[in-house]
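Down below is the structure, laid out as structure tokens.
We're numbering straight along the sequence, starting at 1. Just so it is clear, the model here is predicted, and its values are computed rather than measured.
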Amino acid sequence: MKKEHEYAQLLRWIADGEEVEFVCGNGIVSERKPRDILGALYNEMPLLSSYRIKPKTIRIGAFDVPEPMRVAPKQGTRYWVSDISTADDDELFYTWNGFQSEILMLERGLIHSNEEAAEAMCNALLSLTKAPA
């Protein structure tokens with residue numbers, strides 16, 4: 001079987017219209033235009049950074065927060081819920097079983113792949129309802 005080219009996934013993301021970011025060894029993230037990436041590859045310049053799809057965000061009030069999951073995760077996947085009715089120190093992670101209640105939360109945009117994203121959404125939602133100081 002032929003080995004996949006090291007940049008095959010990167011090229012698929014570009015072809016799919018995804019925004020691509022490069023993450024340098026020092027943790028600095030920078031967005032790259034497709035023409036710049038393709039130009040570097042065409043000129044056989046090594047891409048010394050790792051790359052990823054730019055995380056998608058949604059706007060809630062004045063905040064940009066990570067987009068919640070839109071597709072059901074695999075059975076047994078850990079996920080977090082944006083639940084503004086619980087205390088701040090409650091850990092709200094669960095394991096996906098495909099229950100009707102989980103599907104409803106997924107459809108309502110309340111399920112996240114990590115705790116930070118769920119917390120950011122809670123904070124943004126609460127900012128809409130807090131009384132002015």
Side-chain angles (χ1 to χ4, degrees):
M1 186 165 102
K2 192 172 182 179
K3 183 181 175 193
E4 181 174 81
H5 189 277
E6 63 181 310
Y7 299 127
Q9 181 62 60
L10 174 62
L11 294 170
R12 280 193 291 276
W13 288 338
I14 292 170
D16 290 342
E18 297 288 354
E19 294 183 67
V20 177
E21 292 180 331
F22 281 73
V23 183
C24 299
N26 58 7
I28 294 175
V29 176
S30 64
E31 191 173 332
R32 292 286 193 259
K33 302 284 184 210
R35 69 173 179 268
D36 297 334
I37 297 167
L38 296 173
L41 293 176
Y42 179 78
N43 292 312
E44 298 181 4
M45 296 171 60
L47 301 176
L48 301 176
S49 308
S50 62
Y51 47 88
R52 67 179 188 193
I53 294 176
K54 182 178 180 180
K56 293 175 177 49
T57 60
I58 60 173
R59 171 82 69 184
I60 299 176
F63 298 93
D64 288 322
V65 298
E67 182 178 39
M69 289 180 165
R70 302 294 187 193
V71 176
K74 291 181 183 174
Q75 188 81 7
T77 300
R78 181 179 272 194
Y79 67 90
W80 283 257
V81 175
S82 292
D83 185 350
I84 62 173
S85 67
T86 60
D88 288 341
D89 57 353
D90 287 350
E91 287 200 35
L92 297 173
F93 68 87
Y94 303 92
T95 302
W96 184 264
N97 292 295
F99 296 136
Q100 188 60 39
S101 59
E102 292 175 313
I103 294 168
L104 182 61
M105 288 188 296
L106 180 71
E107 289 171 351
R108 291 181 174 176
L110 299 173
I111 293 183
H112 300 272
S113 60
N114 61 66
E115 183 178 12
E116 295 76 20
E119 187 175 317
M121 179 176 270
C122 279
N123 292 335
L125 291 170
L126 287 170
S127 75
L128 300 175
T129 61
K130 286 185 179 177

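With rounding to the nearest 0.5 Å, the separation of CE in Met69 from CE in Met105 is 11.5 Å. Rounded to the nearest 0.5 Å, atoms CG (Asp83) and CD1 (Ile111) are 11.5 Å apart. Trp80 contributes atom CH2, which lies 11.5 Å from atom NE2 of His112 (distance to the nearest 0.5 angstrom).
When all heavy atoms of Ser82 and Ala118 are compared, the closest pair comes out as OG-O, 3.0 Å.
Residue pairs meeting the side chain to side chain donor-acceptor pair (under 3.5 Å) criterion with at least one member in residues 61-71, sequence neighbours excluded: Arg59-Asp64, Glu67-Arg70.
No side-chain heavy atom of Lys54 sits under 4.5 Å from any side-chain heavy atom of Val20.
Qualifying salt bridge (Lys or Arg N to Asp or Glu O under 4.0 Å) partners for Arg108, counting only residues two or more places apart in sequence or in other chains: none. For Asn114, there are no side chain to side chain donor-acceptor pair (under 3.5 Å) partners two or more places apart in sequence or in a different chain. The side chain to side chain donor-acceptor pair (under 3.5 Å) check on Gln9 picks up Arg12, with sequence neighbours excluded. Residues meeting the side chain to side chain donor-acceptor pair (under 3.5 Å) test with Glu19, sequence neighbours left out: none. With sequence neighbours excluded, the residues forming a side chain to side chain contact (heavy atoms under 4.5 Å, CB included) with Ile60 are Ile58, Val65, Met121, Ala124, Leu125, Leu128, listed by chain and number.
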>> Between Arg78 and Glu115, does the salt bridge (charged side-chain N to carboxylate O under 4.0 Å, His left out) criterion hold? Intermediate values first, please.
In response: CA-CA 10 Å; Arg78 181 179 272 194; Glu115 183 178 12; over 6 Å; no

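Linking Ile, Leu, Val, Met, Phe, Trp and Tyr residues whenever their side-chain heavy atoms come within less than 4.5 Å leaves Tyr94 and Leu104 in two separate clusters.
Below 30°, between 30° and 60°, or above 60°: for Tyr79 and Trp96 the angle between ring planes is above 60°, a perpendicular geometry.
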